[in-house]
Amino acid sequence: MKRKMIGILAWLLLFAAPVHAQEEEPAVHVFVDGEQVVFEYSPILEQGTTLVPFRAISEKLGFEVSYRVENGEQSVTAVKGAETVTMYIGNRIANSAGGRVLLEQAPRIEHDLAYVPLRFLAEAMHLEVQWDGEQMAVGIRSAPAQEGTAPEGKEAEQAPEETGA
C-alpha cells in the first residue's frame with residue numbers, strides 16, 4: 001500500500017506543475033577580425049536585428065564608452081577618434097556623425113547591461129559588417145571600411161531578413 005501511495009504521489013507531482021516548452025532563439029556568434037567575442041550574456045536576435053552588450057563589444061572594438069543618466073533618460077556613447085555614436089535606452093533614435101538615425105530596434109537593458117543594435121554601432125564607426133545566416137554569425141572587420149560606406153539610416157530601410165546583424 002505504501003508503494004502504491006508513493007507511486008500515485010510521484011505521478012501527481014509530475015503532472016501538477018505544467019511545463020512550458022520555450023522555443024529558444026538560435027545562438028548568434030560575433031567575430032571581430034576572425035576572433036569570436038565571448039559575451040557574459042548572449043547576443044539577442046530580434047526581428048532581424050542582433051543586439052549585443054554595449055560595453056563588451058565597444059571595448060573589444062577599441063571604443064571609449066560611457067553610460068549616462070540625465071532627467072531619467074539613459075544613454076550610451078561610443079567614441080573613437082573623431083567619431084561618436086550615442087544611443088538612448090528604449091528609444092529608436094540614435095545620433096552619429098551622419099546625424100540622427102532611426103534604428104530597427106531600440107537599445108534596451110537586459111541582465112543589467114545595455115544591449116544595442118550591433119550593425120548600426122559598427123557601421124556608424126565605419127567598420128565592415130557581414131552576416132552569415134547559415135552559421136548565425138556576424139563578422140566585423142575592425143579596419144575601417146572604405147569611404148562612403150557610413151550608414152545614413154539604411155538599417156531602417158533594409159528588410160530584417162537581409163540585415164541579420
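For the single chain, residues carry numbers from 1 onward in sequence order. None of these values were measured; they are calculated from a predicted model.
Shown here is E64, whose CD atom has no more than 12 heavy atoms of other residues, nucleotides or ligands within 6.0 Å.
N71 contributes no side-chain N or O that, together with a main-chain N or O of E73, makes up a donor-acceptor pair within less than 3.5 Å. A donor-acceptor contact shorter than 3.5 Å links the side chain of R92 to the backbone of L103. In this structure a side-chain-to-backbone donor-acceptor pair under 3.5 Å is missing from D132 to A137.
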In sequence, state the C-alpha distance, the side-chain angles, and the governing distance for L45 and M136, and then conclude on side-chain contact (heavy atoms from CB on, under 4.5 Å). CA-CA 9 Å; L45 182 60; M136 298 296 292; 3.3 Å; yes
Could you walk me through whether V65 and V76 satisfy the side-chain contact (heavy atoms from CB on, under 4.5 Å) test, starting with their C-alpha distance in whole Å, then the side-chain angles of each, then the deciding distance to 0.1 Å, before giving a yes or no? CA-CA 7 Å; V65 299; V76 291; over 6 Å; no
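Follow the hydrophobic side-chain contacts under 4.5 Å out from V32 and you reach L127 in the same cluster. Cluster membership for V79 and M125, using ILVMFWY side-chain heavy atoms within less than 4.5 angstrom, is not shared. Using a 4.5 Å cut-off between side-chain heavy atoms of Ile, Leu, Val, Met, Phe, Trp and Tyr, with links allowed through other members, I109 and L113 fall into different hydrophobic clusters. A single hydrophobic cluster is seen to contain both F120 and F39, as judged by linkage of ILVMFWY side chains at heavy-atom distances under 4.5 Å, directly or through other members. Under a hydrophobic-cluster definition in which Ile, Leu, Val, Met, Phe, Trp and Tyr are linked whenever side-chain heavy atoms come within less than 4.5 Å, directly or via other members, Y88 and F54 are assigned to different clusters.
Side-chain contact check for S96 versus E123: every heavy-atom pair is 4.5 Å or farther apart. Side-chain contact between Y115 and Y41: present, with at least one pair of heavy atoms (C-beta onward) separated by less than 4.5 Å. Residues V28 and V52 fail the side-chain proximity criterion, which asks for heavy atoms closer than 4.5 Å. Inter-residue side-chain proximity for W131 and T50 is flagged as met; some heavy-atom pair is nearer than 4.5 Å. At a threshold of 4.5 Å between non-hydrogen side-chain atoms, the residues F63 and T77 do not count as touching. In this structure, R141 and D33 have side chains that are in contact, with non-hydrogen atoms separated by less than 4.5 Å. The closest side-chain heavy-atom distance from E110 to L51 is not below 4.5 Å. Looking at L102 and I93, their side chains come closer than 4.5 Å, going by heavy atoms from C-beta outward.
Closest approach of A106 and G90 over heavy atoms only: CB-C, 3.7 Å. Contact between K60 and E35 at its shortest, heavy atoms only, is NZ-OE2, 3.1 Å. For the residue pair M87 and P117, the shortest heavy atom distance occurs at SD-CD, 4.0 Å.
Here the straight-line distance linking atom CZ of R55 with atom OG of S66 works out to 8.0 Å at 0.5 Å rounding. The structure places CZ of R119 at 11.0 Å from CD of E104, a figure rounded to the nearest 0.5 Å.
Side-chain atoms of Q105 and Q47 include a donor-acceptor pair closer than 3.5 Å.
For the side-chain contact (heavy atoms from CB on, under 4.5 Å) with I140, the qualifying choice from V37, L118, L121 is L118, the only one to do so.
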